[in-house]
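Notes follow the structure.
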Amino acid sequence: MPSTMQALVVLEPGRMEIREVPVPTPGPNEVLARVRAVSICGTDAHIIRGDYPGFWPPAFPFIPGHEWAGEIAVLGPGADLYGWQVGDRVAGTSHDACGVCQKCVEGRYNLCENYGRAGLHKQYGHNVQGADATYVVQGVKTIFPLPDGLSFDQGAVIDPASIALHVANRGNITPGDTVAITGAGAIGLLAGDAARIRGAGRVIVVGRGSRLAKAAALGFETVNTAAGDPVGAVRRMTGGLGADVVLECAGVPEMVEWALEMLHRGGRCAAVGIPTLGVEIAMQRLVLDELELVGSRASAGEMRRVMPHVEAGRMRVREMVTHRFALGDYAAALATFNDRASGAIKIVVAP
Ligand SMILES: [Zn+2]
Ligand SMILES: [Zn+2]
């Protein structure tokens, strides 16, 4: 094992460098993994810009990255008891929850009551160092076997695929439902596949630009927000009724408002997009039409459950990867990610 490695180090908001840093050592129930592919998430762009000061990350310098796949290089004490061996191919996720609080024992570890408390909870690439490096240390609760048939690039998109399945689960989609997806980014497109996995009869993606074209190419019905009133369009497409379920994947205030307006009576909206501004909720309609609005945070148990759907091609992660860069070219990769004209959906970086 080398003693140092390459890592993307964010020195302060907006300023980053590829640096040679010490290879970390895995503690009890942790592994050191050789990162083979790490995918850029919208959250990474926010973290690098410094949009969540003092929270994600708690302090600079910081190594981001949380959607990755690779191979186990070193086992920390006890990791072998869970069956892990050096060389195992794995896909990683970010929430390493305490496992003991009431939310954790109920399986809702994404809502861990000990969030961010040192020694109890970590979220890799958010409040502790992440995977934008040659190696990463992660706890055994956050790594999952990557089937032989899946590449590392696909493995780096399992975490967002699990988040898409989680929002579809939070939406309680039942077979035959008409599902509208607001937002045609990676999570929105993957949520379209997740809706079908849950049995949606129709999936209508609401968005614009090259991302909406991608939604059409993937076989979803589409509504172009640039072409006029998207709520009216969804109503026209559904005989005036609206969608049974809306999965809100944009996090833009007007999209959230549209999401609620395009619901069928008694419909349910599950929101995974995180608006940075307040959103006005039409409470009168929510009450009188018995609408439901629920949040959806990361995933909770879906990493393993989504894997067979990825293998079978029902959750199309390969189709999401539009660009690939070496870790040394991270600045160019991030610029491509932030450029809407680039057609980027998922960008994979190889350390
Ligand atoms: Zn992510
Ligand atoms: Zn907990």
Side-chain angles (χ1 to χ4, degrees), residues 8 10 29 35 37-49 51-52 55-57 62-70 91-132 136 138-144 153-167 183 185-191 194 249-251 271-274 295-303 306 310 315 317 320-323 330 333-334 337-338 344-349:
L8 171 77
V10 183
N29 299 329
V35 180
V38 54
S39 146
I40 300 182
C41 172
T43 305
D44 296 323
H46 283 295
I47 285 174
I48 292 167
R49 260 201 306 267
D51 287 348
Y52 311 116
F55 179 56
W56 293 343
F62 187 72
I63 302 171
H66 60 273
E67 304 176 355
W68 65 276
T93 187
S94 68
H95 275 259
D96 196 353
C98 81
V100 174
C101 75
Q102 187 61 23
K103 287 300 156 199
C104 278
V105 297
E106 287 172 356
R108 303 182 75 179
Y109 59 85
N110 54 335
L111 308 179
C112 179
E113 291 162 12
N114 289 309
Y115 187 94
R117 288 209 189 127
L120 295 180
H121 176 284
K122 293 172 180 167
Q123 191 178 6
Y124 301 106
H126 293 72
N127 59 23
V128 297
Q129 307 296 329
D132 285 335
V136 68
Q138 287 205 192
V140 291
K141 281 178 277 182
T142 65
I143 54 170
F144 298 85
D153 282 15
Q154 288 172 293
V157 190
I158 305 291
D159 168 82
S162 78
I163 290 168
L165 184 56
H166 188 64
V167 69
I187 294 291
L189 297 174
L190 292 168
C249 302
V272 64
I274 310 173
S296 182
R297 178 173 192 167
S299 62
E302 283 90 354
M303 282 294 285
V306 81
V310 175
M315 178 66 84
V317 302
M320 297 301 136
V321 179
T322 52
H323 298 74
Y330 195 93
L334 185 65
F337 182 82
N338 286 331
I345 305 283
K346 269 293 174 199
I347 295 185
V348 167
V349 171

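Order of listing sets the numbers, starting from 1, for every ligand and every atom in it.
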Task: Heavy-atom donor-acceptor pair, Gln129 side chain to Ile63 backbone, under 3.5 Å - done: yes
TODO: Indicate yes or no: at least one non-hydrogen side-chain atom of Trp56 is less than 4.5 angstrom from one of Asp51.
DONE: no
Task: Metal check, the Zn ion (ligand 2) vs Cys104 N/O/S, cut-off below 2.8 Å - done: yes
Task: Glu302 side-chain N/O to Ala300 backbone N/O, donor-acceptor pair under 3.5 Å - done: yes
TODO: State, yes or no, whether a side-chain contact exists between Arg49 and Asn338 at a heavy-atom distance under 4.5 Å.
DONE: yes
Open item on the list: I'd like to know if the side chain of His121 reaches the main chain of Cys98, judged simply by a donor and an acceptor atom lying under 3.5 Å from each other, with no hydrogens or angles considered.
Closed with: no
Task: SG (Cys98) - the Zn ion (ligand 2) - SG (Cys101) angle, nearest 10° - done: 110°
Open item on the list: Let's test this: below 2.8 Å, count the protein N/O/S atoms around the Zn ion (ligand 1).
Closed with: 3
Open item on the list: Quick check against the 3.5 Å criterion: does Thr322 have a side-chain atom that pairs as donor or acceptor with the backbone of Ile345?
Closed with: yes
Open item on the list: Test your reading of the model: is there a side-chain donor-acceptor pair from Asp96 to the backbone of Lys122, 3.5 Å cut-off?
Closed with: no
